[in-house]
Every structure is written in structure tokens, then in C-alpha cells.
2 protein chains.
Amino acid sequence: MVINKSTYKDYVVAHVYERLQKGELNPGDQVLESHLATELGLSRAPIREALQQLVADGLLTYKPQVGNFVAALSPKEIIDAYVTRGLLEGFAVAEALEHYTEEDLEDLEEYCLRMEKHARRGKQKELIEIGTEFHQLLFNKSNNIQLIEYTQRLSHKLHLLFYKHWASLYTPEEIRDRHQELVCVLRKKERPLVEQALREHYNETGQKVARLYEENEEGE
Amino acid sequence: MVINKSTYKDYVVAHVYERLQKGELNPGDQVLESHLATELGLSRAPIREALQQLVADGLLTYKPQVGNFVAALSPKEIIDAYVTRGLLEGFAVAEALEHYTEEDLEDLEEYCLRMEKHARRGKQKELIEIGTEFHQLLFNKSNNIQLIEYTQRLSHKLHLLFYKHWASLYTPEEIRDRHQELVCVLRKKERPLVEQALREHYNETGQKVARLYEENEEGE
DNA sequence: TTCTCCGCAGATGTCGACAATCGACAATCG
DNA sequence: CGATTGTCGATTGTCGACATCTGCGGAGAA
């Protein structure tokens with residue numbers, strides 16, 4: 001039942017994702033249409049479509065008559081993006097507050113422990129996987145389609161752009177505590193608290209990531 | 001200083017906007033590439049790019065191998081979109097709270113009166129123009145780029161899809177009162193109140209618009 | 001030497017033609 | 001007569017070629 005009724009576009013998008021994850025494409029790099037075309041054995045038409053979608057997702061920046069570049073967010077933009085994500089996810093979770101069963105909460109707590117374990121052993125890939133599942137379980141209870149769409153997009157963008165730093169931001173204990181704190185607040189079933197907690201959760205991370213880029217790169 | 005350094009794409013996008021505003025394109029209609037191409041005397045390439053952008057903006061829906069259709073939001077989706085807009089705009093305004101001068105607030109109050117006046121005289125076009133300016137002035141004080149991007153997109157989408165109903169939603173007095181209420185809350189300079197007020201402002205409108213579509217159309 | 005201007009790759013923008021696919025109608029079979 | 005299958009027109013997906021634009025680098029003059 002692998003329908004995948006779709007076109008080359010998705011294939012190209014997936015390919016660029018990979019290149020980004022592998023670090024073969026870095027912020028500021030130009031992404032050449034012809035290069036991708038020969039690389040994948042396609043014409044430029046589907047490539048262009050894929051690139052346009054990536055621009056819409058915020059992973060690439062488009063300069064008319066010049067080309068597409070891997071998004072290079074300034075520290076301010078990084079913070080903005082994380083703040084916005086906290087806003088969206090906080091609201092989504094708060095709206096779905098009554099839909100979390102005790103079972104869900106226990107699952108979440110288990111995720112916290114597993115995250116700590118993986119972080120301790122340096123298993124970055126697993127850590128990120130669980131972290132993603134944690135947040136997916138959180139905001140996927142929302143049934144606000146519009147909200148989910150934006151949240152997914154932003155989440156995706158941040159994931160691909162900053163995924164590589166996640167291990168260096170927090171200690172294993174911090175990772176556990178920060179997420180357990182969220183579960184705690186969730187238990188209280190009070191909307192404003194939940195919103196606030198998730199906002200701060202992402203604000204912190206945004207600050208940290210931004211600081212990383214302040215040191216390494218000069219302002220634009 | 002008509003730079004317009006850009007390409008046909010923006011031209012096509014603008015054209016489709018017009019068709020939407022004029023009501024020549026209605027929710028559910030298919031938007032044919034070849035049709036637009038002959039209509040504008042272009043090849044399909046720039047048309048496809050424009051359509052893809054419109055899909056990213058949420059104005060069109062894309063079905064692979066079938067085509068692009070004017071978005072037909074269900075009542076639930078309409079509410080979701082307005083709720084999300086309230087969330088975004090509420091936060092943006094709350095964050096920029098200290099940047100509003102007394103002058104700004106007075107301008108806003110003047111807008112309220114002008115809106116009422118235009119509404120009373122049935123000048124729909126002017127009413128919408130002022131309404132747009134009102135909200136622009138509100139959330140453009142924010143300097144969170146990411147937030148502005150999403151807010152603009154959503155605002156644009158709702159504007160084009162539901163603009164035609166705006167006159168029938170509220171009486172002139174209601175329009176004035178609802179917006180004056182916002183200015184009032186703004187004066188108090190308390191973030192939670194501001195957020196709450198804007199959320200409710202859009203929730204109300206979302207409910208009303210959704211109800212309009214419940215009557216006229218059957219569920220999907 | 002340094003500044004300016006011109007020309008040249010190399011990239012994106014656009015085009016017209018062809019291939020693949022979908023939806024609807026019509027013909028065929030039970 | 002109803003359901004299934006085959007066929008056809010229309011629309012999207014892809015392609016290769018050409019047009020246009022940008023930024024860079026070298027030639028020439030002050």
C-alpha cells in the first residue's frame with residue numbers, strides 16, 4: 001500500500017532534506033538548480049517546484065534573478081522563530097488539555113527518562129527521535145487544522161536548521177527536567193499555566209541557539 | 001522608482017487575486033493553468049510558479065495529477081483559521097505593547113469612527129481599507145519577523161476568501177464598538193488582557209463567518 | 001597603481017512540445 | 001438492465017532549448 005501517487009517534486013524535497021541533515025548544505029550556501037538536476041538525473045522543472053516549496057517552508061531564501069540559498073537566520077530571527085513556535089504549540093496544547101489521558105501523561109514521562117538515557121550515552125539520533133515524538137504527541141491532540149499546519153511547518157524548519165546543535169544545548173539531566181516540568185504543568189490542567197510553560201520552554205532554547213550563532217558568525 | 005525587479009510570477013499572482021476579489025473565482029472552482037496562460041499570454045511555467053505560491057499561502061488547494069482548486073474551507077476550518085489569527089495577532093500586539101504612543105491610539109480611535117461612517121453609508125471598499133489599516137497599524141509594531149510572516153499570510157488568506165461578507169457580519173455600531181473596545185484594552189497596557197481581547201475579537205468573527213457557510217453549503 | 005567600463009561565463013526566467021495520468025463516457029458482457 | 005472494462009479528451013508533469021539577467025574579472029585609461 002505504498003501509494004506515493006506523487007511526483008518527482010517530493011523526491012527532490014526529500015533529497016535536499018538529506019543534504020541539509022548531512023551538513024552538505026550549510027546556511028548561506030547557494031542551491032543550484034542545474035546542479036541538483038544533473039545530480040538527480042532530472043530536468044530543472046521539478047527541481048524548481050521543489051525549491052519553491054522549500055522556500056515556502058522557510059528553509060531556503062529566494063532572491064529573484066539570483067537564486068535560492070539555504071536560510072541563514074540571524075540570532076534575532078532564531079529567537080523569533082522559537083518564540084513563535086512556543087506561542088503556537090503552547091496554545092495548541094492548552095486547547096487540547098482535556099484530551100490528555102492519564103495514559104498519555106505516563107507515556108510522556110517515560111519519554112523523559114528515555115531522552116535522558118539516550119543523551120547520557122551520546123545517542124543523538126535516538127534522542128532527537130524521542131524528542132520529536134514527545135512534542136508530536138503533545139500538539140497532535142489539537143484539532144485546529146490551521147494551527148497544526150503552521151506548527152508543523154515551523155517545527156520542521158527549526159528541526160532541519162538546528163538539529164545538529166541539540167546535543168550541545170542541555171545536559172541529559174536538564175533535558176529530562178525540562179520535559180518533566182512540562183508534564184507536571186500539564187497535570188494541573190490550567191490553560192494559562194500550560195501556555196506559559198511551553199512558551200518559556202522554547203524561549204530558553206531559542207536564546208541558547210541564538211547565542212551559539214552570535215559567537216560563530218558576524219552579523220549580517 | 002517602479003523597480004518591480006521581479007518576474008511574471010507576481011503578475012500572475014496579482015491577477016488571480018483580482019479574479020478572487022471580483023468573485024470570478026469561487027471556492028471549489030478549478031484553476032486551469034492553460035486557461036490562465038492563454039488569458040495572460042504567457043507559457044505555463046510562470047503560471048505554475050504562481051499557483052504554487054498561492055497554494056503555499058493557503059488560497060488554493062492542490063491535488064496531485066488533478067489540479068489546483070480555490071480553497072473551500074469547511075465551517076470548522078474557518079473557525080480554526082480565525083482562532084489562529086487571533087492567537088498570532090494577540091501575541092504580536094501584546095509584545096509590542098510599549099511601542100504604542102498616545103498618538104497611535106488616537107489614530108486608531110479615529111479609524112473606528114471612520115469605519116462606522118463608511119459602514120453606515122454602505123461604502124464597503126473604504127470600510128475594508130480602513131479596517132485593514134487598523135489591524136496593520138496594530139500588529140506591524142511587532143518586530144518578530146517570524147510572527148509577522150505567518151500573521152500576514154493568514155490575514156491575506158482570510159481577506160481574500162471572506163472579504164465579500166464583511167459588510168453583512170456586523171452593524172456599523174458594532175464595528176465601531178468592537179474596535180474601540182480593542183483600543184480601550186490597549187490603553188490598559190496589560191498583556192494578558194490584550195491577548196485575550198484580540199483572541200475574542202477574531203473568535204467572534206470566525207463564528208459568524210462559519211455560520212454563514214453552514215447555511216449556504218452542505219458539509220464535505 | 002587604481003578606477004572604470006565592458007564583456008563573459010553561469011545562473012535563473014520563459015517557452016513550446018511531449019509524456020503520463022485522471023475522469024468521464026461509451027461499449028461490452030453477464 | 002446493471003456493472004465492468006476500454007477508450008478518449010483534457011489537464012497536469014516533465015523535458016530540453018532559448019532568452020535574459022547578474023556578478024565577476026580583465027583590459028584600458030587617468
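Each chain gets a letter, A, B and so on, in the order its sequence line appears, and its residues count up from 1. Values below: every heavy atom of this structure, side chains too, minus hydrogens, waters and symmetry copies. Just so it is clear, the model here is predicted, and its values are computed rather than measured.
If you measure from atom CZ of Arg44(B) to atom P of dT12(D), you get 7 Å, rounded to the nearest angstrom. One interatomic measurement links the two molecules: CG of Leu42(B) to P of dA19(D), which rounds to 17 Å at whole-angstrom precision. A straight line from OH of Tyr8(A) to P of dG16(D) spans 11 Å, rounded to a whole angstrom. Between Leu60(A) atom CG and dT12(C) atom C1' the separation is 15 Å, expressed in whole Å. The separation between Gln65(A) atom CD and dT20(D) atom P is 12 Å, rounded to whole Å. Protein atom NZ of Lys9(A) is 9 Å distant from nucleotide atom P of dT14(D), rounded to whole Å. The interatomic distance linking Gln30(A) (CD) with dA11(C) (C1') rounds to 7 Å, in whole Å. Computed from coordinates, the Ile47(B) CD1 to dT14(C) P distance equals 10 Å when rounded to whole Å.
Classification of Lys157(A) and Glu77(A) as a salt-bridged pair fails, no side-chain N sitting under 4.0 Å from a carboxylate O.
Between Tyr62(A) and dA11(C) there is no side-chain polar atom (N or O) within less than 4.0 angstrom of OP1 or OP2.
Under the 6.0 Å distance and 45° angle rule, Arg191(A) counts as a cation-pi partner of Phe91(A).
Out of dC15(C), dA11(C), dT12(D), the shortest distance to the side chain of Arg48(B) is found at dT12(D). Of the candidates dT14(D), dC15(C), dA11(C), dA11(C) carries the atom nearest the Leu32(A) side chain, counting heavy atoms from C-beta on. Comparing dG13(D), dT14(C), dG23(C) against the side chain of Val66(B) picks out dG23(C) as the nearest. Here dC15(C) is the nucleotide among dC18(D), dC15(C), dG23(C) with the atom lying nearest to any side-chain atom of Ala45(B). Among the nucleotides dG13(D), dC15(D), dG13(C), the one closest to the side chain of Glu33(B) is dG13(D).
If Gly41(A) and Asn68(B) are placed on DNA chain D by their nearest nucleotide, the residue sitting closer to the 5' end is Asn68(B).
When both pairing distances are held under 3.5 Å, dA9(C) makes a Watson-Crick or G-U pair with dT22(D). Remark: dT28(C) base-pairs with dA3(D); criterion is Watson-Crick or G-U wobble with both hydrogen-bond distances under 3.5 Å.
Residues Tyr213(B) and Phe162(B) bring their aromatic ring centres within 6.0 Å.
Within the 4.5 Å cutoff, the side chain of Ser142(A) has no heavy atoms near those of the Val93(A) side chain.
Between the side chain of Tyr100(B) and the main chain of Leu138(B), a donor-acceptor pair closer than 3.5 Å is present.
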